[in-house]
Amino acid sequence: MSEKRIISIFKKGNKKRQRVKQVAKFCINDHHDILVEILRRLDGPSLCSAACVCRLWSAVARNDSIWEELCFRQVAPRPSLSLRSVVSALGGYRCLYFVCIRPVLARLPKLLWSRDQLQLSLSLYCVHYYERLYVGAWLSDAPPSSLMFLRKPVNVV
Amino acid sequence: MKRSHQETSSVQEAPSISTNKKIKLKEEDDNMDDELLAALGYNVRSSDMADVAHKLEQLEMVLSNDDNAFNYNNTVHYNPSDLSVWAHTMLYPDLDPTRTTPSDECTTSNKRIRLGDSAYTESTTTRPVVLFYDSQETGVRLVQALVACAEAVQTENLSLAEALVKRVGSLAASQVGAMGKVATFFAEALARRIYKIHPSSVAAIDPSFEEILQMHFYDSTPYLKFAHFTANQAILEAVTTARVVHVIDLGINQGMQWPALMQALALRHGGPPSFRLTGVGHSEGIQQLGWKLAQLAQAIGVEFEFKALTVERLTDLEPEMFETRPESETVVVNSVFEFHTVLSQPGSIEKLFATVKAVKPVIITVVEQEANHNGVVFLERFNESLHYYSSLFDSLEDGVLLPSQDRVMSEAYIGRQILNVVATEGVDRTERHETLVQWRKRFGLAGFVPVNLGSDAFKQASLLLEIFGGGDGYRVEENDGSLMLAWQMRPIIATSAWKLRGGRG
């Protein structure tokens, strides 16, 4: 509940009076672009928590540029535009993060996130996309998953 | 049990848990050691057989009922090769400690495969002895039985082989884990060979089912992924400046290798080249496969052209079929587990090499199983493949925890290879794997020179395996410019790259 409403309660009595434009206290929910800028600077777990705050934030968090930033934070040089179009075609950075990058990081927490890992994740992601597109339709009973190994717990010998 | 000369009788199996398999014996002399069991290293007089069988039955009951009797610290191992004494002392352990005979190793042929330590220790304790049922022992016995059966097949002693293969079957049923599964497959293959069940029924399997099996194998193990990623890396490095890339895939299957390559090409510096794929395969689904790859290509912005070539055998391929455009395009030939299939017919490999040379590829990427399953002597082939597939099954067992359907399908995929290696001959035996050293010779003679796979491929492969998990079992090994994927130090598959001698690139 914003301050605007509180102030309007005070003004209740003066309906005929010109409605005074109140400069309410700043509310982030009114400024989506700033919200995006802030979320872009978060790390993975925090970003996921932020996306669970409310429906508005969840919708804002679907903005792919936030996740792009997350994927490329430690990687230099910056990705080209062609990469962005390829990844969007394959389902977007958000999916890439959840399907490939997060499990990989969880599996190997000490892994230094570099271009090589990103390249490999992209390849795996592409295979995953293709598998669901082509083979998934054909093996209807049990859709295959080439990324199953990322999701299943590993028998650590 | 009633007996008479020249009459076959049957005894209980030793020591099996589930089924009642019977061994048929031909006995000539009651006091001679039974010949079948002697082949396996057990000395039992034929006259004692009934008694031994009875005791083993009792022993089985005791073992299954009384698990608490197992005490791993106080064990005495009696000489198991003398079955009647052993059975007696196992059943009545307190009775006669002086009957412990000194430890004696089972010896059969010198072509045994050891899977673990089976040293029998002698203990001089006078404490009450307890029973210790060693499943490693069963594993060793299983392998010994398998090898003995193969030997019998080699020497055309089919009656002995028949008896042994049944024994293997029952032993395998009681052995859990990778060893039991491998043994079951090998026993089936040996049985087919013995009973001359010719594998036209095996070979004539629906190719789309074969592809489903391979798909499950792809998903559950890193071998195919390793193959694809390393081959793709070699291709990428060879076509860095090409404007049109034409890949000829000698075994397209599900086309799982190409999405990753297309994605890498799409992100290439200087923009993606035009990508042309010619897929050689068997099934009718190839056209649809081409459509889907085209969809992917369009999504990621790569110009794509696809051609399907359905041929019975790779030797039916002629250079004109590929319709290469040598002025404008760079040709690449890729083969994952395909080259060895043409070794079944003499002269075929030379024809295939000639066809490949005629299209003038800048690079040929080859992935093959790292094993020699093409020896002339059956027994050598058998031993080699037993080793190889045991490792392979082991890796399935110890790796990622698989859902049962994937595991079963992957095992079926491998099982079909085992059947082919062991049970078939001649033209039908298409799984003629050869080692990298052997392939190097062949490629060298045909006029190709090796191309080093480079450190990027090594890095990618290592990373893939790290992510894949499975403990420390998987290792990438570099071998003179080629890469091998090994499980517990045993190389399983090898990727190599070749180019024409004197060619560009």
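Labels below follow one simple rule: chain letters A, B, ... track the order of the sequence lines, proteins then strands, and each chain is numbered from 1.
- Chain A forms more heavy-atom pairs under 4.5 Å with one residue of B:Gly271, B:Pro272, B:Gly255 than with any other, namely B:Gly255.
- The CG atom of A:Leu122 sits 5.0 Å away from atom CD of B:Gln263, with the distance rounded to the nearest 0.5 Å.
- By the 4.5 Å heavy-atom criterion applied to side chains, B:Gln254 and A:Glu131 are not counted as neighbours.
- Remark: A:Leu120 CG to B:Ile467 CD1 distance equals 4.5 Å, nearest 0.5 Å.
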Step by step, work out the side chain to side chain contact (heavy atoms under 4.5 Å, CB included) result for A:Gln119 and B:Lys459. CA-CA 12 Å; A:Gln119 193 56 45; B:Lys459 262 194 287 184; over 6 Å; no
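- Counting non-hydrogen atoms of other residues, nucleotides and ligands closer than 6.0 Å to CD of A:Glu37 gives a total above 12.
- Here the shortest heavy-atom pairing between B:Leu464 and A:Leu124 reads CD1-CD2, 4.4 Å.
- Using a 4.5 Å heavy-atom cutoff, the side chains of B:Trp258 and A:Val127 are not in contact.
- One finds the OH atom of A:Tyr130 at 9.5 Å from the NZ atom of B:Lys292 (value rounded to the nearest 0.5 Å).
- Residues A:Ser123 and B:Leu261 form no side-chain contact, since every pair of their non-hydrogen atoms from C-beta on lies 4.5 Å or further apart.
- With a 4.5 Å cut-off on non-hydrogen atoms, A:Tyr129 touches chain B through its side chain but not through its backbone.
- Neither the backbone nor the side chain of B:Gln257 comes within less than 4.5 Å of any heavy atom of chain A.
- The structure places SG of A:Cys126 at 5.0 Å from CG of B:Leu296, a figure rounded to the nearest 0.5 Å.
- Atom CD of B:Gln298 has 12 or fewer neighbouring heavy atoms from other residues, nucleotides or ligands inside a 6.0 Å radius.
- In this structure, the side chains of A:Gln117 and B:Glu466 stay at 4.5 Å or more apart for every pair of heavy atoms.
- Between A:Val86 and B:Ala266, the shortest heavy-atom contact is CG2-CB, 4.0 Å.
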